[in-house]
Amino acid sequence: MLPNENRILGSERIEEVKNSGRIIQGDNFGLAILKRGDNDPSKFTFVISTKISKLAVHRNRIKRSMNEGVRRNLRDIPKGYDFVFLTKKSIGNKTTEEIIEEVRAFFSRLSLNV
């Protein structure tokens, strides 16, 4: 799991990032990015709707997989950003390793000129 210093808490902040940030689309998720303008560690949250799966166990597996993908790449992600992952329905068919690899690949090709 991500440390508390790397988590976005509060629905107001999530909505602010979604509305004010830049959204980049991937195959199985979108990513809303907002530069905070400080040098604190970047923060993340994962939005997995019941449209993805009605079963909480499936949504939780997806969230844990994405969380692990971010955790493994945390040292390569620049500081001072907020990231909100917005999942797509197609992610429900992916294995944990496929999700982790997609998150890694997404951050490796991401250029942060927000």
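Note that the structure is a prediction, hence the values are computed from the model and not measured. What's counted below: heavy atoms across the whole structure, side chains too, no hydrogens, waters or symmetry copies.
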Would you please indicate if the ring centroids of F83 and F107 are separated by under 6.0 Å?
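That pair passes the under 6.0 Å test.
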Test your reading of the model: is there a side-chain donor-acceptor pair from [X] to the backbone of [Y], 3.5 Å cut-off?
{"X": "R72", "Y": "R104", "value": "no"}
{"X": "N6", "Y": "L2", "value": "no"}
{"X": "K63", "Y": "I48", "value": "no"}
{"X": "E102", "Y": "N28", "value": "yes"}
{"X": "E98", "Y": "T95", "value": "yes"}

Do other residues, nucleotides or ligands put more than 12 heavy atoms under 6.0 Å from the NZ atom of K88?
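Yes.
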Would you give the length of the straight line joining atom [atom1] of [X] to atom [atom2] of [Y], rounded to the nearest 0.5 angstrom?
{"X": "R61", "Y": "S53", "atom1": "CZ", "atom2": "OG", "value": "9.0 Å"}
{"X": "I14", "Y": "L34", "atom1": "CD1", "atom2": "CG", "value": "13.0 Å"}
{"X": "K43", "Y": "N4", "atom1": "NZ", "atom2": "CG", "value": "9.0 Å"}
{"X": "R22", "Y": "I33", "atom1": "CZ", "atom2": "CD1", "value": "5.0 Å"}
{"X": "S49", "Y": "K54", "atom1": "OG", "atom2": "NZ", "value": "7.5 Å"}

Contact check, side chains of [X] and [Y], non-hydrogen atoms, under 4.5 Å:
{"X": "T87", "Y": "V47", "answer": "no"}
{"X": "I77", "Y": "F44", "answer": "yes"}
{"X": "R36", "Y": "Y81", "answer": "no"}
{"X": "R7", "Y": "T45", "answer": "no"}

Any ring-ring contact (aromatic ring centres under 6.0 Å, His included) involving residues 46-65? Give me the pairs, sequence neighbours left out, ordered by first then second residue.
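Output for this query lists F46-F85.
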Salt bridge (charged side-chain N to carboxylate O under 4.0 Å, His left out) between D40 and K79: does it pass, once the steps are laid out?
CA-CA 6 Å; D40 291 339; K79 294 183 176 187; over 6 Å; no
